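All remarks here apply to the structure that follows.
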Amino acid sequence: MPGPLEDVVIVDLSRVVAGPQATMTLADLGARVIKVEQPGGGDETRGWGPPFAGDEQVSTYYLSINRNKESITLDLKAAGGKDTLARLVRHADVLVENFRPGVLDRLGFPVERLHELNPGLIVLSITGFGHEGPEGGRPGYDAIVQGEAGIMSVTGPPGTPSKVGLSIADILAAGNGVAGVLAALYERARTGRGAVVRTSLLASVVGAHMFQGTRWTVARDVPESVGNDHPSIAPYGTFRCKDGQIQIGVANQNLWRRFAAVVGLDPGDPRYATIPDRSANRAELTGDIERVLGGDTREVWLARLNEAGVPAGAIRSIDEVYEWEQTRSQGLVVEVDHPQLGRIELPGPALRFDGAPPREHSAPPLLGEHNDAVMAWLDECDGLDERDGLDERDGLDEAERGE
């Protein structure tokens with residue numbers, strides 16, 4: 001089933017995570033994504049593991065961010081590869097790259113040339129630390145940026161800077177890149193002009209600081225990690241029951257009154273009467289709550305809290321998440337036919353459209369799997385261009401031809 005970006009063609013020069021995540025999202029929305037890879041090894045994530053799957057040692061990391069794409073191999077340092085890339089650019093709507101600043105220029109494709117080839121082209125460029133500034137040229141993998149951009153300082157147990165267990169800087173940058181591309185496509189529909197969209201892992205993390213940022217910029221309070229607790233709200237975090245832990249989020253006074261009734265606390269206790277009171281007396285409050293929760297199991301407490309309308313939840317392992325009926329009901333697990341692995345399941349897209357049936361997804365491509373198909377498509381496009389040129393010439397009178 002075609003998506004809202006049907007007929008949008010994307011040339012994907014990116015690799016690793018941020019760019020491929022962005023182009024996969026655009027592919028989920030219906031765009032045709034042609035992934036351009038170096039001959040021999042291709043995207044680095046093809047070799048990232050363990051775990052690998054099957055006798056061919058297919059990287060599960062690569063599988064996670066490359067569904068619904070085509071793969072071709074081009075040596076962009078060779079004349080033939082450059083020529084093919086130029087042809088792709090002429091017929092594309094979007095080009096995505098996450099080289100370090102200046103690399104695309106050195107390959108012979110600065111922005112000026114890209115727009116000479118295709119004035120309507122939208123270029124999405126993702127870097128680690130930005131395109132300008134004293135450190136704009138630094139390479140920036142996710143873990144490095146998590147440290148440099150402050151995530152680690154507010155994550156983990158107190159005094160123990162910790163990275164998020166997902167490639168969160170990459171994922172945030174991918175989301176910002178997708179938003180920029182969609183905005184640029186909308187603008188192009190009005191103006192006919194292409195655009196350059198720039199974002200970075202650094203910008204995306206800082207842009208997501210939210211209240212942790214304004215704690216410093218406005219209040220001059222340096223945030224520190226507080227484990228699973230919320231720095232401003234209590235009770236809001238992880239609490240021990242008889243047989244394990246659950247998450248509870250009491251973010252306003254109405255919820256506090258409901259929660260207090262469930263666990264037998266006095267909502268008007270002056271130690272806990274307001275959010276600032278509860279935050280100031282967090283340790284004492286946690287002790288009071290856990291003494292009550294320790295009398296019964298997680299399942300029982302989750303049922304009671306849910307009945308009272310208090311946000312609470314289990315702490316699931318990854319395997320439990322994918323076996324959870326709620327996850328599957330939201331289309332968050334999709335099946336694809338992989339040419340080497342057969343029928344496999346992948347994490348699914350986060351967006352759905354009312355009234356549209358579930359789309360059929362394709363497996364992440366093998367390296368160079370679509371070389372012949374893409375070259376045939378380029379030949380067809382070039383032939384149509386030549387014919388259109390002849391048609392335009394045939395429409396001229398003798399004076400206009402200069403004859």
Side-chain angles (χ1 to χ4, degrees), residues 1-3 5-76 80-81 84-85 87-88 91-92 94 96 98 167 170 174 318-319 322-323 327-328 331-350 357-381:
M1 182 73 183
L5 295 186
E6 184 185 12
D7 298 329
V8 172
V9 176
I10 297 175
V11 175
D12 183 8
L13 301 182
S14 69
R15 70 266 183 262
V16 189
V17 179
Q21 174 71 27
T23 55
M24 182 175 71
T25 301
L26 294 165
D28 288 338
L29 294 172
R32 179 182 186 182
V33 175
I34 300 171
K35 184 177 179 70
V36 178
E37 303 184 72
Q38 274 290 115
D43 191 319
E44 293 100 303
T45 60
R46 289 184 181 274
W48 285 11
F52 294 99
D55 295 336
E56 295 82 4
Q57 294 289 283
V58 179
S59 165
T60 58
Y61 203 116
Y62 168 80
L63 292 175
S64 71
I65 45 179
N66 286 288
R67 64 174 175 263
N68 296 327
K69 302 179 186 178
E70 301 169 61
S71 169
I72 65 168
T73 53
L74 293 180
D75 182 357
L76 297 182
T84 301
L85 178 57
R87 295 174 69 195
L88 285 167
H91 301 295
V94 181
V96 178
N98 60 353
S167 299
D170 283 316
I318 293 293
D319 58 318
Y322 285 100
E323 296 306 319
T327 299
R328 291 179 175 267
L332 296 173
V333 181
V334 299
E335 290 189 344
V336 298
D337 288 315
H338 190 275
Q340 294 174 329
L341 302 176
R343 194 75 170 167
I344 60 173
E345 290 187 338
L346 298 175
R359 69 165 292 178
E360 192 70 27
H361 295 271
S362 62
L366 303 179
L367 181 61
E369 181 179 347
H370 302 93
N371 280 352
D372 293 342
V374 171
M375 293 305 294
W377 171 72
L378 285 175
D379 289 342
E380 180 183 355
C381 290

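These numbers come from a predicted model, not from an experiment. Computation of the quantities below employed the complete heavy-atom set of this structure, encompassing side-chain atoms and omitting hydrogens, waters and symmetry-equivalent molecules.
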With sequence neighbours excluded, give me every salt bridge (charged side-chain N to carboxylate O under 4.0 Å, His left out) pair touching residues 46-56.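 Applying salt bridge (charged side-chain N to carboxylate O under 4.0 Å, His left out) to every pair that reaches into residues 46-56, excluding sequence neighbours, yields Glu37-Arg46.
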Which pairs count as salt bridge (charged side-chain N to carboxylate O under 4.0 Å, His left out) when at least one residue sits in residues 16-32, sequence neighbours excluded? Asp28-Arg67, Arg32-Glu70
Would you say the side-chain atoms of Asn98 and Ser14 include a donor-acceptor pair closer than 3.5 Å?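 No, because no side-chain N or O of Asn98 sits under 3.5 Å from a partner of the opposite role on Ser14.
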Run Ile344 and Leu63 through side-chain contact (heavy atoms from CB on, under 4.5 Å) and show every step you take. CA-CA 10 Å; Ile344 60 173; Leu63 292 175; 4.2 Å; yes
NZ/NE/NH1/NH2 to OD/OE distance under 4.0 Å, Arg328 and Glu345: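 Looking at Glu345 together with Arg328, the answer is yes, because their closest N to O distance falls below 4.0 Å.
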Under a 4.0 Å N-O cut-off, is there an ion pair linking Asp43 with Lys69?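 No, Asp43 and Lys69 are not salt-bridged.
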Quick check: closest heavy atoms across [X] and [Y], and the distance to 0.1 Å?
X	Y	result
Val16	Trp48	CG1-CH2, 3.4 Å
Tyr62	Pro365	OH-O, 2.6 Å
Val17	Ser167	CG1-CB, 4.4 Å
Leu26	Leu5	CD2-CD1, 3.7 Å
Thr60	Pro51	OG1-O, 2.9 Å
Leu74	Gly81	CD1-O, 4.0 Å

Show, in sequence, the C-alpha distance, side-chain angles and deciding distance for Val36 and Asp12, and conclude whether the side-chain contact (heavy atoms from CB on, under 4.5 Å) test is met. CA-CA 6 Å; Val36 178; Asp12 183 8; over 6 Å; no
Within-4.5 Å side-chain heavy-atom neighbours: [X] and [Y]:
X	Y	value
Val9	His91	no
His338	Val58	yes
Pro349	Met24	no

Taking the side chain from Thr327 and the backbone from Glu323, do they hold a donor-acceptor pair closer than 3.5 Å?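 Between the backbone of Glu323 and the side chain of Thr327 there is no qualifying donor-acceptor contact (under 3.5 Å).
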Between Glu369 and Leu366, is there a donor-acceptor pair closer than 3.5 Å when you use the side chain of the first and the backbone of the second?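 Checking the backbone N and O of Leu366 against the side chain of Glu369, a donor-acceptor pair under 3.5 Å is found.
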When Ser71 is tested against each of Val374, Asn371, Leu367 for side chain to side chain contact (heavy atoms under 4.5 Å, CB included), which residue passes? Leu367
So, applying side chain to side chain contact (heavy atoms under 4.5 Å, CB included) with Leu13, which one of Thr23, Leu85, Val96, Ile34 is it?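 When side chain to side chain contact (heavy atoms under 4.5 Å, CB included) is applied between Leu13 and each of Thr23, Leu85, Val96, Ile34, only Leu85 qualifies.
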Hey, what do you get for [atom1] ([X]) to [atom2] ([Y]), rounding to the nearest 0.5 Å?
X	Y	atom1	atom2	answer
Gln21	Ser64	CD	OG	7.5 Å
Lys35	Ile10	NZ	CD1	12.5 Å
His370	Met375	NE2	CE	15.0 Å
Leu346	Glu335	CG	CD	9.5 Å

Greater than 12 external heavy atoms within 6.0 Å of Asp372's CG: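 12 or below, so no.
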